[in-house]
Amino acid sequence: MKRYNPIDIEQKWQEKWEQDGTYVVDLDDHSKPKYFGFSMLPGITGAGIHTGHGRTYQFSDIKVRAKRQQGYNAYHPIAWDSFGLPVENYAIKIGKTPREAHDEAKKNFIRQLKRLGYSYDWSKEISTADPSYYKWTQWIFNQLLKNDLAYQKQSPQWWCETDQTVLANEQVEGGRCWRCGNPVVKKNLKQWFFKITEYAEELLEATDDLNWTERVKTMQKNWIGKSQGAEVTFAVDGSDEQITVFTTRPDTLFGATFLVLAPEHELAKQLTTSDVRGNVFAYIEEAARKSEIERMNDTREKTGVFTGAHAINPVTGEKIQIWIADYALASYGTGALMAVPAHDERDFAFAEKFNLPIVNVIERPESDEGTAMYHGEGVLTNSGHFDGMRSEEAREEIVTWLEQQQIGKSKISYKMRDWLISRQRYWGAPIPVVHVHGHGTIPVADDQLPVILPEVEDYKPKGGAVSVLAGVEDWVHVWFNLDTTETVPFSQGKPEGDNWHEGHRETDTMDGYACSSWYFLRYLSPFDDTQAWSLETEKHWGPVDFYNGADHAVAHLLYSRFWQRFFYKQGLASHPEPFDRMMYNAYVLASDGQKMSKSKGNVVDPMVVMDSGYGADSLRVYEMFAAPYDQEIIWDPNGVPGMYRFLNRTWTLTQEYLEATSTDLSDEASREILTITHKTIKKVTSDIQDDKFNTAVSTMMEAVNGLYKIKETNGVSQHESWKFALESLLQVLAPFAPHITEELWSDLGHTDTIHVDHWPKWDDAYLVSDSMTVIVQVNGKLRAKLELANDTSEDEVKAQSLALENVIKFLDGNEPKKVIYIPGRLVNIVV
RNA sequence: GCCGCGGUGGUGGAAUUGGUAGACACGCCAGACUCAAAAUCUUGUGAGCAUUAGCUCGUACCGGUUCAAGUCCGGUCCGCGGUACCA
């Protein structure tokens with residue numbers, strides 16, 4: 001008998017698929033329904049992929065493979081996230097240029113991904129660092145700029161000393177850089193932003209309706225962080241200045257006993273009286289210098305300084321002190337807050353420490369009787385003629401009053417900030433603008449793109465908050481034509497003609513997330529050098545039917561939604577959301593329960609697993625079987641061998657069928673085989689549809705076990721039912737284990753591939769059996785099982801009397817008080 | 001702190017959404033084949049008491065609803081993820 005040797009057959013079929021272009025898609029072929037699915041693009045690093053990544057890429061492979069088999073024109077593309085810090089840092093480490101390091105690492109990725117048998121359309125592979133790609137990233141920048149969604153602003157931003165660049169809010173995790181893990185500090189720089197906040201409301205509103213993993217939706221909603229509240233303006237005592245604060249609790253306005261300004265607030269220094277000037281200025285500088293980590297390590301001990309100035313509480317008319325404290329954040333609301341110590345924990349702590357007045361304005365419910373601070377809602381007190389109102393009502397009344405006095409208004413705040421895209425690093429898409437002397441900042445016109453990133457020898461950060469591009473004289477210093485936006489190196493001298501001016505290129509590069517926010521659209525026109533993508537193709541293929549990944553729940557997925565919405569409004573795309581289904585899957589952890597990482601030395605290399613003789617299919621099946629997609633797998637060294645056993649049994653069964661000489665099979669056995677098969681087809685089909693890959697695998701295992709049972713008593717023959725069972729099983733197994741199924745499919749005499757247009761159909765008629773098990777309970781306890789003929793299931797009297805007979809001894813001579821009967825399922829006798 | 005998710009055998013995990021708890025797999029035990037081992041095949045495998053049936057207990061803990069609860073409700077404890085001085 002032919003033996004199952006994965007290594008031989010896997011390589012053979014991979015070569016064949018490549019030759020035949022089995023997974024190459026004609027994007028203009030609309031004769032079949034479309035299916036567009038893929039996983040988050042791999043970020044290139046030196047380590048290549050580990051078994052954890054493999055699991056992620058496999059989910060989309062199975063979804064797309066199943067659809068391809070079900071008659072869809074199914075497109076499973078692949079791209080490389082090539083720009084950004086990880087590649088540049090890796091290049092520095094190995095002493096090569098980012099381009100060299102990237103190209104080399106990419107080869108390894110391709111080798112691994114091909115070996116794992118993913119059904120990518122390799123003919124349409126793209127890379128974000130390719131000028132033919134980032135040309136269009138720059139083009140998108142221009143479109144955003146044109147529509148006032150890109151702007152430059154001087155402001156304090158997160159800065160990573162180690163990586164020598166600013167970072168977006170989404171890239172700071174717990175006060176640390178997402179790449180190197182070192183604490184970040186604030187640095188005041190002129191930076192480029194994309195105005196994602198303009199889309200805050202619509203992104204938030206659309207989130208609920210997304211068919212995405214709920215966790216990601218919740219994270220995005222929290223990140224956008226909408227708060228309904230009000231702005232209230234306080235007059236500064238003895239001055240024309242005013243301070244506007246944001247509050248979500250206008251109902252507590254009567255309890256506002258002091259104001260707090262963020263250290264960065266524009267009035268902070270100005271309001272400070274001369275007697276305390278030294279103190280206050282020192283505090284402001286200290287706050288600016290502190291990293292976020294340091295602020296957090298202060299265990300939230302409140303700090304602050306009194307400015308010497310006072311404001312007037314507009315409802316009480318009282319003079320209240322104005323303080324500066326770093327618990328007020330410059331970047332949220334107005335950078336100033338009204339402190340209501342009786343009803344806010346932080347204000348309370350601050351007031352206690354600095355001995356500031358505390359005034360109760362909300363009555364406590366009984367459960368909170370006597371507490372010094374109560375942050376809940378309730379009935380107002382000490383609040384003039386608003387006394388006795390409930391918070392909800394008082395909020396509206398007070399805001400209405402403030403509006404009448406023109407010192408306040410209803411206001412919504414969001415926690416989300418604009419997307420900071422400037423990076424002071426070399427390896428990224430240049431921001432396509434030129435600072436023209438005397439003429440401001442001018443974008444390079446669409447037809448002059450791309451602005452090519454120059455190849456340089458020494459690309460390492462030099463410090464000083466500018467990218468090394470600033471030192472590339474021939475690139476950065478240019479003659480710029482104001483009419484055409486053409487550029488010529490300054491050193492070549494001023495060209496002939498009008499309107500040439502001296503200028504300097506922008507030396508910041510774009511955040512890597514910009515490059516990955518639209519690659520799914522480029523998949524639809526990967527080699528088009530006349531447009532970023534074809535709207536017509538997008539109309540047919542969009543939106544993405546299936547997308548998955550184990551990372552970037554907020555940043556990448558929110559940025560992509562923002563851009564897609566922008567494209568949609570511009571008439572560049574026909575759908576407002578990019579991803580119809582986004583499945584957020586979990587990682588594979590190492591056997592020690594920790595994340596796999598090279599430094600910990602606990603990485604399981606898929607190549608090693610495959611080379612040890614098990615091949616790709618066993619590994620693939622294991623990663624699907626071990627747990628539901630959204631649950632982490634702790635790598636079990638015994639897992640893959642177990643799956644090999646299952647595949648080997650499938651193999652053996654098929655070989656025995658091929659070697660059988662008779663066609664004998666009893667009707668009963670035939671019926672049994674068909675029942676198993678139809679059940680399996682139905683369950684696996686719906687499980688794949690519902691992303692329940694683990695139970696899909698166990699269903700197929702049950703089928704093989706069931707067929708083995710029949711084999712045990714009847715043997716395997718060349719009977720039609722055996723053929724149907726094996727062919728069906730191979731077809732539903734094919735998305736999980738593409739190689740072995742292709743081999744056996746071919747052994748069964750097929751000359752075409754199993755992977756295109758082959759999916760079995762089930763017939764419900766086979767799923768109804770002649771008899772059914774009815775369980776009999778007494779007082780809810782299982783006491784007997786009855787095999788009833790199908791036609792008795794509707795006969796209540798008969799079923800009940802049968803049930804009673806069987807459990808009579810459990811009744812202790814009592815008469816049944818009540819009998820519950822669920823047809824075809826159970827009888828419960830209550831005594 | 002706040003928000004979200006979860007707690008089922010020795011282990012990973014099933015359970016038709018209120019109706020046979022532990023599917024499937026790993027591990028382990030025994031048997032067959034073998035000079036022997038591996039591989040393969042066949043049993044058994046929640047705990048306890050009886051070992052022929054059989055009975056009792058059992059889905060983190062306490063309580064409730066129901067003929068019936070892993071599933072629903074209230075409370076407690078623990079774990080994971082996100083977020084964090086967001087006014």
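Reckoned from all heavy atoms, side chains included, excluding hydrogens, waters and symmetry mates. Labels below follow one simple rule: chain letters A, B, ... track the order of the sequence lines, proteins then strands, and each chain is numbered from 1.
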| request: Take atom CD of Glu170(A) and atom C1' of rU83(B), then tell me their distance rounded to the nearest Å. | output: 13 Å
Pick out the pairs of N or O atoms, protein on one side and nucleotides 39-46 of chain B on the other, that lie under 3.5 Å.
| unit_1 | atom_1 | unit_2 | atom_2 | d |
| --- | --- | --- | --- | --- |
| rC41(B) | OP1 | Arg649(A) | NH1 | 3.0 |

| Should the pair Lys353(A) and Phe350(A) be classed as cation-pi, given the thresholds of under 6.0 Å to the six-membered ring centre and 45° from the axis? | no
| request: Could you check whether Gly642(A) gets within reach of a base, just the sugar-phosphate, or nothing at all, counting any heavy atom under 4.0 Å? | output: sugar-phosphate
| query | Nearest to the side chain of Asn705(A), which nucleotide is it out of rC24(B), rG81(B), rA87(B)? | reply | rC24(B)
| task | Using the P atom on both, measure rG58(B) against rG48(B) and round to a whole Å. | result | 15 Å
| request: Using the six-membered ring wherever Trp is involved, compare the ring planes of His556(A) and His552(A) and label them parallel, tilted or perpendicular (cut-offs 30° and 60°). | output: perpendicular
| task | Assert yes or no for the condition that the ring centre distance of Trp323(A) to Phe354(A) is strictly below 6.0 Å. | result | yes
| request: Could you check how far CZ of Arg417(A) sits from P of rU83(B), rounded to whole Å? | output: 14 Å
| field | Nearest to side-chain heavy atoms of Leu782(A), which nucleotide of rU20(B), rG82(B), rU83(B) | value | rU20(B)
Anything under 3.5 Å between a protein N or O and an N or O of nucleotides 67-71 of chain B, put it in a table, one pair a line.
| unit_1 | atom_1 | unit_2 | atom_2 | d |
| --- | --- | --- | --- | --- |
| rC67(B) | OP1 | Lys818(A) | NZ | 3.4 |
| rC67(B) | O2' | Asn828(A) | ND2 | 3.2 |
| rC67(B) | O2 | Asn828(A) | ND2 | 2.6 |

| remark: Applying salt bridge (charged side-chain N to carboxylate O under 4.0 Å, His left out) to Glu392(A) and not counting sequence neighbours gives Arg390(A)
| query | With rounding to whole Å, what would you report as the distance between rC77(B) and rA25(B) at their C1' atoms? | reply | 32 Å
| task | Quick one: label Met700(A) by what it contacts on the DNA or RNA (base, sugar-phosphate, nothing), any heavy atom closer than 4.0 Å. | result | nothing
| said: Between rG7(B) and rC73(B), how far apart are the two P atoms, rounded to whole Å? | reply: 14 Å
| message | Show the nearest heavy-atom pair for residues Thr677(A) and Ala725(A), with the distance to one decimal. | response | OG1-CB, 3.3 Å
| said: Determine whether a donor-acceptor pair (one donor, one acceptor, N or O, separation below 3.5 Å) exists between the side chain of Lys221(A) and the base of rC3(B). | reply: no
| query | Between rU65(B) and rG13(B), how far is it from one P atom to the other, in whole Å? | reply | 34 Å
Identify the pairs formed between an N or O of the protein and an N or O of nucleotides 28-30 of chain B at a distance under 3.5 Å, and give each distance.
none

| query | For nucleotides 47-55 of chain B, read 5' to 3', which letter fits each nucleotide if B means a protein heavy atom sits under 4.0 Å from the base, S means only the sugar-phosphate is that close, and - means neither? | reply | --------S
| request: May I have the distance from Asn222(A) (atom CG) to rG82(B) (atom P), rounded to whole angstrom? | output: 13 Å
| Residues two or more places apart in sequence or in another chain: which of them pass side chain to side chain donor-acceptor pair (under 3.5 Å) with Trp419(A)? | Asp511(A)
| field | Rounded distance (Å) that lies between atom C1' of rA84(B) and atom CH2 of Trp158(A) | value | 12 Å
| request: Say whether, by atom type as modelled, one donor and one acceptor occur between the side chain of Thr713(A) and the main chain of Ile710(A) under 3.5 angstrom. | output: yes
| query | If the sugar-phosphate is the primed atoms plus P, OP1 and OP2 and the base is the rest, what is the B/S/- string for nucleotides 10-16 of chain B, using protein heavy atoms under 4.0 Å? | reply | --BSS-B
| Can the ring centres of Trp223(A) and Tyr559(A) be said to be less than 6.0 Å apart? | no
| Pairwise C1' distance for rU17(B) and rG79(B), with rounding to whole Å | 25 Å
| message | Distance check, C1' atoms only: rU45(B) and rC24(B), in whole angstrom units. | response | 15 Å
Sequence neighbours excluded and cut-off under 3.5 Å, please list the side-chain donor-acceptor pairs for residues 243-250 of chain A, or say none.
| unit_1 | atom_1 | unit_2 | atom_2 | d |
| --- | --- | --- | --- | --- |
| Thr244(A) | OG1 | Thr233(A) | OG1 | 3.2 |
| Thr247(A) | OG1 | Arg249(A) | N | 2.9 |
| Arg249(A) | NE | Asp251(A) | OD1 | 3.1 |
| Arg249(A) | NE | Asp251(A) | OD2 | 3.2 |
| Arg249(A) | NH1 | His375(A) | O | 3.0 |
| Arg249(A) | NH2 | Asp251(A) | OD2 | 3.0 |
| Arg249(A) | NH2 | Gly376(A) | O | 3.2 |

| request: Rounded to whole angstrom, note down the C1' distance from rC29(B) over to rG81(B). | output: 40 Å
| said: Students often get this wrong, so: under 4.0 angstrom with heavy atoms, is Thr699(A) touching a base, only sugar-phosphate, or nothing? | reply: nothing
| message | Output the rounded distance in Å from CZ (Arg215(A)) to P (rU83(B)). | response | 10 Å
| field | Within 45° cone of Tyr332(A) ring axis and under 6.0 Å: Lys415(A) NZ or CZ | value | no
| request: Report the residues that fulfil salt bridge (charged side-chain N to carboxylate O under 4.0 Å, His left out) with Lys682(A), sequence neighbours left out, ordered by chain and then residue number. | output: Asp764(A)
| Nearest-Å distance, OH (Tyr414(A)) to P (rU83(B))? | 21 Å
Sequence neighbours excluded and cut-off under 3.5 Å, please list the side-chain donor-acceptor pairs for residues 214-221 of chain A, or say none.
| unit_1 | atom_1 | unit_2 | atom_2 | d |
| --- | --- | --- | --- | --- |
| Glu214(A) | OE2 | Lys217(A) | NZ | 3.2 |
| Lys217(A) | NZ | Asp208(A) | O | 2.9 |
| Lys217(A) | NZ | Leu210(A) | O | 2.7 |
| Thr218(A) | OG1 | Glu214(A) | O | 3.0 |
| Gln220(A) | OE1 | Arg561(A) | NH1 | 2.8 |
| Gln220(A) | NE2 | Ala553(A) | O | 3.0 |
| Lys221(A) | NZ | Asp208(A) | OD1 | 2.7 |

| field | Reference residue Tyr644(A); test ring pair (Phe, Tyr, Trp, His ring centres under 6.0 Å); the match among Phe625(A), Tyr614(A), Trp651(A), Tyr622(A) | value | Tyr614(A)
| task | Starting from P on rG82(B), measure out to CG on Asn169(A) and report it in whole angstrom. | result | 17 Å
| note | With syn defined as a glycosidic angle within 90 degrees of 0 and anti as anything else, the base of rG6(B) is anti
| note | Each base of RNA chain B marked ( ) or [ ] if paired in-strand (Watson-Crick or G-U under 3.5 Å), | if paired to another strand and . if unpaired gives (((((((..(((......[....)))((.(((.......))).))((((....))))..(((((..]....))))))))))))....
| Please give, in whole Å, the distance from rC85(B) P to Phe350(A) CZ? | 16 Å
| request: Quick one: sort the Phe59(A) and Tyr629(A) rings into parallel, tilted or perpendicular, breaks at 30° and 60°. | output: perpendicular
| task | Determine the interatomic distance between C1' on rG54(B) and the same-named atom on rU40(B); round to the nearest Å. | result | 37 Å
| field | Candidate nucleotides rC3(B), rC57(B), rC26(B), ranked by approach to the side chain of Thr218(A) - the nearest | value | rC3(B)
| Under 3.5 Å: donor-acceptor pair, side chain of His343(A), backbone of Met373(A) | no
| Relative to Trp158(A), does Lys186(A) satisfy both conditions: NZ or CZ under 6.0 angstrom from the six-membered ring centre, and within 45 degrees of the ring's axis? | yes
| task | Select from Lys785(A) and Asp636(A) the residue whose nearest nucleotide in RNA chain B is closer to the 5' end of that strand. | result | Lys785(A)
| note | Sorted by chain and number, sequence neighbours left out, salt bridge (charged side-chain N to carboxylate O under 4.0 Å, His left out) with Lys709(A) holds for none
